[in-house]
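Values in this document were obtained by computation on a predicted structure and should not be read as measured data. One-based numbering, in listed order, for ligands and for the atoms of each. FYI, the numbering just counts along the sequence from 1.
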Amino acid sequence: MRKIKIFDTTLRDGEQSPGASMNVEEKVQLAKQLAHLGVDIIEAGFAISSPGDFEAIKTIGAEVQGPVICSLARAKEKDIKRAWEALDGTPKKRIHTFHSTSDIHLKHQFRISQEEALKRSVEMVKFARGLVEDVEFSPMDATRTDVGYLCDVIEAVIGAGASTVNIPDTVGYSIPSEFGKLIKTIFDRVKNIDNAVISVHCHNDLGLATANSLSAVLNGAGQIECTINGIGERAGNCSMEEVAMTLRTRRDLFNADTNIVSEEIMRSSKLVTKITGMSVQPNKAIVGDNAFAHESGIHQDGLLKDKSTYEIIKPETVGLYKTKFVLGKLSGRHAFRTRLNELGFTLNDDEINSAFERFKKLADQKKDIFDEDIEALVSGDVVKVPEVYTLIGLKVSSGMNQKPTAEVKLKIAGEVSEKTEHGDGPVDAVYKAIALMTDTKSSLLKYEVKGITGGTDALGEVMVSLEEKGRAVRGHGADTDIIVASAQAYINALNKLAAGNPQLDNKLTL
Ligand code: KIV
Ligand code: ZN
C-alpha cells in the first residue's frame with residue numbers, strides 16, 4: 001500500500017481566504033493540532049510576506065514536533081533567504097519555491113520568455129539547495145502550461161535538486177480525467193521523475209479540487225497539498241478531510257493511505273472555524289453539521305437494522321462523538337475538567353477555574369449543558385489575549401416605540417469607566433458606548449450571532465470582525481443574553497487589537 005504525503009497549507013494558502021488571517025499565537029495553536037492530526041508537512045507561511053508570517057514560521061519550527069515545517073518563497077534570492085532565516089533552528093525544514101510557467105502568466109504578468117522562466121527556476125532551486133536539503137518547486141498555473149515545456153521545467157528543476165515537484169491547478173481550471181492524464185504524461189515523459197515526489201495542489205473554483213487530487217493519486221502523485229475545511233484563495237483548496245477519508249474509505253480502489261489520525265479531523269475542523277471565523281456549510285462532506293445526520297425515514301429504518309445500510313464512515317472515525325452525558329447545575333469541577341479534556345481543550349488551572357465559574361453561572365440559567373455550550377464557553381480561552389478592557393456592567397432598555405439605550409461599565413487598564421448611549425437597536429447602543437469609552441478607531445466588518453443549542457435558554461454566540469489600519473481581528477463572546485455576548489465579542493476583538501499584531505503589516509499576498 002502506497003503512503004500519500006499530506007502537505008497542509010491551511011496556514012499559508014488557507015490564510016489567503018478573505019477574512020481568514022490568523023495571528024502568530026493562533027497559527028502556533030493550529031500547527032500543534034496539525035501535528036496531532038498527523039500531517040506530514042506544514043506550510044507554516046510565506047516568510048517574506050510579513051513580520052507576522054516570519055515569526056509564525058520561526059515559532060512553529062521551534063515548538064511543533066513531528067511534521068516537516070515549510071516556508072513558501074518566490075523564485076527570488078531575497079525570498080529564499082528569508083524563508084531560510086525563518087526556518088533556522090527547525091529540525092525538519094523545507095523551502096517551497098515557485099515560478100509561473102503558463103504563457104498567460106509569462107506574457108501578461110511577468111513579461112518574460114519561457115527560457116528565462118526556466119533559467120530562473122533552475123537557479124533558484126540550486127540556490128535553495130545550497131541552504132537546505134529539502135526543496136520543493138511549483139510551476140505555477142501548471143494546468144494552463146504547454147505540456148512539453150512543463151515537462152522540460154520539471155526535469156530541469158529535479159536535475160537542480162528539487163526533491164518534490166508540485167503541480168498546481170492554480171485557478172481550479174482542470175477536470176479529473178484531464179488532470180490525471182497530465183500527471184501520467186509527466187511520469188511518462190520526465191526522465192529523472194524517480195528522483196522526486198510528484199505533488200498536486202488543486203483549487204476548487206469548479207468544485208473539483210478533491211476529485212482532481214484523487215485522480216492525480218491514481219496516476220502516481222505521492223503528495224497532496226490541501227487545507228482543513230478546504231479554506232483557501234477564492235473558492236478554496238482541496239479539502240484535507242475529503243481526500244484523507246476518501247483514500248481511507250476506498251483503500252480497495254486506491255491501494256493508498258495517509259498518516260492522518262482520522263479521529264482528530266473534527267477537532268481540527270472546529271479549531272479552524274473558531275480561529276478563522278469561517279463556518280463550514282452544513283452539508284459539507286465529512287465535517288459539516290449534517291454529514292452524519294439521517295433525516296429520511298427509510299434511511300433511519302435501515303440504520304437501526306444495520307449501520308452499514310446507509311453509513312460509509314462511522315462518525316467516531318472522524319472524531320464525532322455523541323454527547324455521552326449532559327452536565328448541569330450539580331456537576332462538579334472534576335466532571336467539567338474531564339469533559340473539557342475529552343472535547344480536546346487543554347487549559348491551564350487558572351483558565352479552568354475561570355471557565356468553571358462561567359459554567360456554574362450558565363448552569364443557573366440553563367438546565368442542561370451540552371458539549372456545544374461548553375465549547376462556546378471556552379472558545380475565548382483557546383487563544384488568550386491580555387485584557388486591557390473588561391466588561392463589568394451592562395444594562396439595556398429597548399422595545400417598541402422606545403429609543404434603545406445602553407449603560408455600559410468597563411474596566412480600562414484598571415480604571416472603571418461608565419457611559420450611556422442610544423442607538424438604532426440595543427447592540428448598536430452598546431457598541432457606541434464601548435467605542436466612545438475605548439476611543440477605538442476600528443470599523444466593524446462583520447457581526448454574526450448564532451444560537452448554540454435549541455431552546456430559548458440556549459447560549460448565544462457572537463463573532464465580530466474589526467479592522468483598524470489594515471489589521472483585521474475577530475472577537476468572540478457567548479452568553480445566554482445575546483446583548484451581553486455581543487458586548488463580550490466586541491471587547492474581545494478590541495483587546496486583540498490592543499495586544500498588537502504585526503501579522504498584517506505590509507502583508508504581501510500572492
Ligand atoms: O495555487 C498556487 O499555484 C499556489 C502556489 C504557490 C503553489 O498556491
Ligand atoms: Zn494555491
Using heavy atoms and a 4.0 Å limit, tell me yes or no: is Glu225 in contact with ligand 1?
no
Looking at Ser71 and Ala83, what are the two nearest heavy atoms and their distance?
OG-CB, 3.5 Å
One residue to check: His203. Relative to ligand 1, which of side chain, backbone, both or neither has a non-hydrogen atom less than 4.0 Å away?
side chain
Taking non-hydrogen atoms only, is Asp13 closer than 4.0 angstrom to ligand 1 via side chain, backbone, both or neither?
side chain
Answer whether the closest heavy-atom distance between the side chains of Ile60 and Leu11 falls below 4.5 Å.
yes
Tell me if the NE2 atom of His36 is crowded by more than 12 foreign heavy atoms within 6.0 Å.
no
Got Lys450 and Met463 here, is their nearest side-chain heavy-atom distance under 4.5 Å?
no
His96, any N or O under 3.5 Å of ligand 1 N or O
no
Vertex the Zn ion (ligand 2), rays to OD2 in Asp13 and NE2 in His203 - rounded to 10°
100°
Does the pair Lys27 and Asp53 meet the rule for a salt bridge (Lys or Arg N to Asp or Glu O under 4.0 Å), with working shown?
CA-CA 9 Å; Lys27 284 191 168 191; Asp53 259 37; 3.0 Å; yes
Checking heavy-atom distances from atom 6 (C) of ligand 1 to each of Arg12, His201, Arg234, the winner is Arg12
Under 4.0 Å from any heavy atom of Pro168, which atoms of ligand 1 are there?
3 (O)
Among the N/O/S atoms of His201, which is closest to the Zn ion (ligand 2)? Give the atom name.
NE2
In ligand 1, the atoms that come under 4.0 Å of a heavy atom of Met140 are 3 (O)
With a 4.5 Å heavy-atom cut-off, do Phe7 and Asn166 have their side chains touching?
no
Flag Thr170 as yes when one of its N or O atoms lies below 3.5 Å from any N or O atom of ligand 1, and as no otherwise.
yes
Do the charged groups of Arg12 and Glu225 touch, with an N to O distance under 4.0 Å?
no
